[in-house]
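Quick notes on the structure that follows.
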There are 2 protein chains.
Amino acid sequence: MYFSLLKMSVSIDNFLKAVYVLGIEEGKKVTGSALAARLGISSAGITDMSRKLSRKGIVDYSPYKEIVLTETGKLEALQVIRKHRLWELFLYKVLNMDMADIHKEAERLEHETSIELMHRLDEFLGFPQYDPHGEPIPSIEGLLPDESDLIPLVEVNEGMRVKIIRISIREKEVYEMFQHYGIKPGIKIEVIRLFDFDGSMEIRIKGEKLILPGSLVTLILCKEGKNVHYGDQ
Amino acid sequence: MYFSLLKMSVSIDNFLKAVYVLGIEEGKKVTGSALAARLGISSAGITDMSRKLSRKGIVDYSPYKEIVLTETGKLEALQVIRKHRLWELFLYKVLNMDMADIHKEAERLEHETSIELMHRLDEFLGFPQYDPHGEPIPSIEGLLPDESDLIPLVEVNEGMRVKIIRISIREKEVYEMFQHYGIKPGIKIEVIRLFDFDGSMEIRIKGEKLILPGSLVTLILCKEGKNVHYGDQ
DNA sequence: ATACAAATTTAAGCAAGCTTAATTATTTTT
DNA sequence: AAAAATAATTAAGCTTGCTTAAATTTGTAT
Ligand SMILES: [Mn+2]
Ligand SMILES: [Mn+2]
Ligand SMILES: [Mn+2]
Ligand SMILES: [Mn+2]
């Protein structure tokens, strides 16, 4: 079981999380400017923070080189992500908050959550493995559920029926779009046809046919089979 | 309905709360050193903050004079207290946290709670009026429940049966003491005898007699009658 | 290979929220 | 009323997490 030894701050935790999500979850190169954009601070601020965290042994960094989390840094990032996603699930399922609002709230609560509170929340929620967006909740040890059976919607063959597991969105407008179509994790759809030329896709959802633009299709991860829900997906 | 216009910080909110609780709830004089002690910062820090908040119109202050909340400052303080006490109730009743731990947790969560989250929490808890310590939860408008029927345990006559409403404690050791005796808000006791010479008191609680030291007796507020619980006390 | 563009670092500086030490004001005691 | 004690303020300085602007390094295109 991991317990943070160093004293972290809101800024540090958000920084570590950004490095983790950008590099590991999104598989992108962790450049200074990408971090700057994501965190909404200047590149100079990124350099500052990188040097500071490097001294603390939380990231590996030398000038002009890529920023990489150390094992300690990675565990800390996973712990913050765990708190974030537990809160999101709580806000959505227990307090019935709007899907579009929970991220912003969790972004703040994640920094004020003791280990004890995290445990109680986990227990109250029934030791969930996924948040309402379908993102995996890291365990206390920093482990993630196996996801080898998840497939991008783009790769699903015509005629197949799949369950939507995860929709990766940041923008509020896009939420409303998905919400309008009734598309969310847990919902089953049938792929009718994929239009290769622009990646858009015709699907059947709750009996109705509709065409999803390619920009939305790429945001969706699916799974064959049917008996999964968030919380115990 | 009150909405904060100025941007507050953790330090400012804690400061305002300290002024409110010290002055209004505890009825003490709001001196710089009392605030310094309560907030764990230096007197110089108090002077700094007082001048800053005075400029913002949140407190009335001039050098060497007492610090007083303006109407704005008082409403802001009450809003923070509201969030604090809603969280305490949630942590205690919903997440089953230890009574001795909830204050510290709420002390941090209170600063990261949006109006929307506060509302949802309030609704989920059933629009409670009291926190687990028996402290009143201010309404969104900054109003407090009527407490004219509350009497200090010291003033209860021998032979009377009363319900414990509120126990004002900060120290963890004292919690454990009360817990050991089974004394908490909602519990009914009978006053057998008051020992005037040291303020200690013999009571009957759940059939058993015990002598409460004067130092504990003064921390307890009671009510005659019986059908009150926390949450809807 | 050179030149240009893009990314990153350095330098200087700012605000918040503190600190300690010295000074001044107020209150209490004699 | 003067002296002593207590409380509050001022002054100077520190850390964190930022900023902007200038300098430098790296990557890209010709
Ligand atoms: Mn999120
Ligand atoms: Mn955050
Ligand atoms: Mn409390
Ligand atoms: Mn607080």
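- Every residue meeting the side chain to side chain donor-acceptor pair (under 3.5 Å) condition with A:Lys17, not counting sequence neighbours, appears here in chain and number order: A:Glu107, A:Glu110.
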Tabulate below the donor-acceptor pairs under 3.5 Å that side-chain atoms of residues 45-56 of chain B make, not counting sequence neighbours, or state none.
unit_1, atom_1, unit_2, atom_2, d
B:Thr47, OG1, B:Ser43, O, 3.3
B:Ser50, OG, B:Ile46, O, 2.7

Donor-acceptor list for residues 171-180 of chain B side chains, cut-off 3.5 Å, not counting sequence neighbours:
unit_1, atom_1, unit_2, atom_2, d
B:Lys172, NZ, B:Asp101, OD1, 3.3
B:Tyr175, OH, B:His133, ND1, 3.3

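- Between the CZ atom of A:Arg51 and the P atom of D:dC18 there is a distance of 16 Å, rounded to whole Å.
- Distance A:Ile46 CD1 to C:dT10 P: 15 Å, rounded to the nearest Å.
- Taking the charged nitrogens against the carboxylate oxygens, A:Arg85 and A:Glu25 do have a contact shorter than 4.0 Å, which makes a salt bridge.
- Heavy atoms of B:Ser33 sit under 4.0 angstrom from primed sugar atoms or phosphate atoms, though from no base atom.
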Can you list, pair by pair, the side-chain donor-acceptor contacts under 3.5 Å of residues 27-34 of chain B, counting residues two or more places apart and other chains?
unit_1, atom_1, unit_2, atom_2, d
B:Lys28, NZ, B:Glu26, OE1, 3.0
B:Thr31, OG1, B:Ala34, N, 3.1

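- We find that CG of A:Leu53 is positioned 11 Å from P of D:dT16, with the value rounded to whole Å.
- Looking at residues 17-32 of chain B, you'll see B:Thr31, B:Gly32 sit with a heavy atom under 4.0 Å from some atom of DNA chain D.
- Atom CD of B:Glu66 is separated from atom P of C:dT27 by 12 Å (rounded to the nearest Å).
- Partners of A:Glu116 according to the side chain to side chain donor-acceptor pair (under 3.5 Å) rule, which considers only residues two or more places apart in sequence or in another chain, are A:Arg120.
- Sorted by residue number, the members of residues 58-65 of chain B with any non-hydrogen atom under 4.0 Å from DNA chain D read B:Tyr61, B:Pro63, B:Tyr64.
- For residues 55-89 of chain B, the ring pair (Phe, Tyr, Trp, His ring centres under 6.0 Å) pairs, not counting sequence neighbours, are A:Trp87-B:Trp87, B:His84-B:His103, B:Trp87-B:Phe90.
- Qualifying side chain to side chain donor-acceptor pair (under 3.5 Å) partners for B:Thr218, counting only residues two or more places apart in sequence or in other chains: none.
- Note: CZ (B:Arg55) to C1' (C:dA15) measures 12 Å, nearest angstrom.
- With values rounded to the nearest 0.5 angstrom, B:Ile115 atom CD1 is found 11.5 Å from B:Asp122 atom CG.
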Protein and nucleotides 17-19 of chain C: nitrogen or oxygen contacts under 3.5 angstrom:
unit_1, atom_1, unit_2, atom_2, d
C:dG17, OP1, B:Ser9, OG, 2.6
C:dG17, OP2, B:Lys52, NZ, 2.1
C:dC18, OP1, B:Ser11, OG, 2.8
C:dC18, N4, B:Asp48, OD2, 3.2
C:dT19, OP2, B:Ser42, N, 2.7
C:dT19, OP2, B:Ser42, OG, 2.7

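- Listed by chain and residue number, nothing satisfies the side chain to side chain donor-acceptor pair (under 3.5 Å) test with B:Ser62 (two or more places apart in sequence, or in another chain).
- B:Phe15 meets the ring pair (Phe, Tyr, Trp, His ring centres under 6.0 Å) test with no other residue; sequence neighbours excluded.
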